[in-house]
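Working notes, structure below.
Numbers restart at 1 for each chain; the letters A, B, ... are given by sequence-line order, proteins then strands. A quick note: this is a predicted structure, and the numbers were derived from the prediction, not measured.
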Amino acid sequence: MTTATTIDLAFAVEDAAAHLYVWALKDIPQDLRDALDAARKRETSVTGKRVLETIHRNVNIADSEKNLVCQDTGIAVYTCRVGEHFPLHPARIYEALKAGTGRATVDHPLRSNAVHTLTRENTGPNIGYRLPIVHWEFIPDWDGLDVKCVPKGSGSENMSFLKMCVPADGVKGIKEFVLESIVGAGGKPCPPGIVGVGIGGTADYAMYLAKEAITRPVGTRNADPLVAELEDELYGLLNETGIGPMGLGGDVTVLQCHIEHADTHMTLNPVAVNYQCWAARRASVHIDAAGNLDFDREF
Amino acid sequence: MANHTVTFPITDEQEILKLRAGDEVTVQGHIIGIRDRTQIRIFDQGVEPPMDLRGAFLLHTAPGVRKLDSGKYEKVCIGTTTSARMVRFTEPLGTQYGVRAICGKGGFPDEAIEPMQRLGMVYFAIVGGAAALETTQIEEIEEVAWEELMPECLWKFRVKDFGPLTVGIDAHGNSLYHDVQTAAREKLKELYARF
């Protein structure tokens, strides 16, 4: 194996980002296809079945026409797991992800959504100040890099909610807030999707964890059995609300509920909700220290 | 729940009055793409839209397009955005411009029910996110106005078999969104009692 230069590696990461962004937008992962199929078979309402059949047709047409599943190319959100010995510094990884996002947007072309938050003027090809957004995790004793791209649509992102419950609200308070949030969101976030819940930590970290939760493969469970039990319970409860596909009423309101948690202060009980629409796009790559790319959807 | 095919722009208001919440509708003819900034320009900045909106079907969209050398736009991926942000424009679209149908995803809150009933308008629910399908149903981008608002311009599309759409709010005071919310709020009380 030859040793990759940092320039080679930066190009490898840029190529990976450009590929992941378009791939994620066109070809949704198998775990999501399976969840949508199960929903289509389970739904009994006329309007709900109409919606889920249309989603099924749409996913197939995106495959056959090689088109985007949804027009909202979103905000590109990446999660990076960086090995301690990966030879490219995160500062350069970030630059490469930004370059790849911009290149994919121009070359395809993809709709550019990025604007200055006050002037609302476009800031570039889905890039701008602090865009794209990257979640970082650092892994000791490893020389690889995992990158996951999650283009996050605004319809679902607008349905994000935070409540600083108090300790006396307990788990009951968490459950009520999640239910209230999803009923209040109604059809706006394109249900049935993935409800991401972040609990514990601080206000900002709970919301960060809620975003982490929506990036997991559909139906995976938190490693902590207590949290996993709450995921199962909320999944069942949310599907009893009757909001249904696209909020038109029905049996299937959510495909899954994923929870990420952190320990917290004795006086805090934060709960954050981040919604991911049914078009829960996600694509990933492993990059080794030599710059070899291994595209993989399973994380 | 009935199935209908309606051609826009409409000239006979019975075309709207026959539609009932929950019905399935397929649309033919011409539809107008519009979004937040387009409507802010019309109503908050007082700029007259350079397209005739009488009897029109408006679609809440900001399409992905490619500009050709001829200056025309070619579709890349056209889908639909969340309607609720734009609910306040419903009444003036009806009274000032004669718009008869608004199509988007996620629905309108209850404040749209009264003006839609009074003005003979409907809200059509499309399947949000199903843009690959929607793009195949748009035959051509015939006109674009206000290109400087790209992609939130005023768009005129010719469509074929556009749908399936669901009548979310009809012109008789019925809203599926209102009914679903009312039932869900009752259900929440029952669920909370279990905790």
Side-chain angles (χ1 to χ4, degrees), chain A residues 25-26 46-47 50-55 57-65 67-73 108-113 120 122 153-155 158-159 171-172 175-176 179-180 183-191 237 240-250 253 277-279, chain B residues 1 21-24 36-37 40 61-67 75-85 104-109 125-137 150-152 163-168 176-177 179-181 183-188 190-192 194-195:
Chain A
L25 291 169
K26 291 187 171 182
V46 173
T47 52
R50 188 182 297 153
V51 169
L52 291 164
E53 286 295 338
T54 305
I55 287 173
R57 273 174 72 197
N58 183 72
V59 170
N60 290 338
I61 288 175
D63 288 342
S64 61
E65 302 268 326
N67 203 348
L68 314 184
V69 170
C70 173
Q71 85 291 347
D72 190 354
T73 48
H108 186 274
L110 300 172
R111 193 182 79 181
S112 183
N113 310 309
R120 314 307 292 177
N122 187 274
S154 65
N158 270 329
M159 296 297 108
V171 181
K172 180 172 178 283
K175 290 194 278 198
E176 288 185 357
L179 281 160
E180 175 67 33
V183 166
K188 292 191 282 291
C190 288
L237 290 165
E240 285 191 57
T241 58
I243 293 296
M246 289 312 298
L248 297 168
T253 298
C277 57
W278 68 259
Chain B
M1 293 180 190
D23 285 357
E24 181 175 327
D36 305 61
R37 287 185 77 187
I40 288 167
T61 188
V65 294
R66 183 185 289 121
K67 192 168 190 176
K75 62 187 182 179
V76 174
C77 188
I78 303 179
T80 308
T81 193
T82 313
S83 299
R85 299 191 305 268
K105 61 108 167 167
F108 269 155
I126 202 164
V127 177
L133 173 66
E134 205 173 317
T135 304
T136 64
Q137 297 167 344
M150 187 66 60
E152 300 185 66
L165 309 176
T166 298
V167 180
L176 288 187
Y177 303 101
D179 296 349
V180 168
Q181 275 295 316
R185 297 278 160 199
E186 280 304 306
K187 186 73 190 181
L188 281 185
E190 184 193 320
L191 297 180
Y192 291 172
R194 286 190 215 161
F195 299 159

Option that, when pairs with chain B are counted at under 4.5 Å, heavy atom only, ranks first among A/T241, A/T47, A/L179
A/L179

Can you find a pair of side-chain heavy atoms, one from [X] and one from [Y], that are under 4.5 Å apart?
| X | Y | result |
| --- | --- | --- |
| B/L188 | A/V183 | yes |
| B/R66 | A/P109 | yes |
| B/T82 | A/N158 | no |
| A/C190 | B/K105 | yes |
| B/V76 | A/H108 | yes |

Give, as side chain, backbone, both or neither, the part of [X] having an atom under 4.5 angstrom from any heavy atom of chain B.
| X | answer |
| --- | --- |
| A/A62 | both |
| A/E240 | both |
| A/V51 | both |
| A/E53 | neither |

Side-chain donor/acceptor of A/R111 to backbone N/O of B/A62, under 3.5 Å:
yes

Examine whether an atom of B/T80 lies under 4.5 Å from a heavy atom of chain A, and if so say whether it belongs to the side chain, the backbone or both; otherwise answer neither.
backbone

Carboxylate-amine/guanidinium contact B/E152 A/R120, below 4.0 Å
no

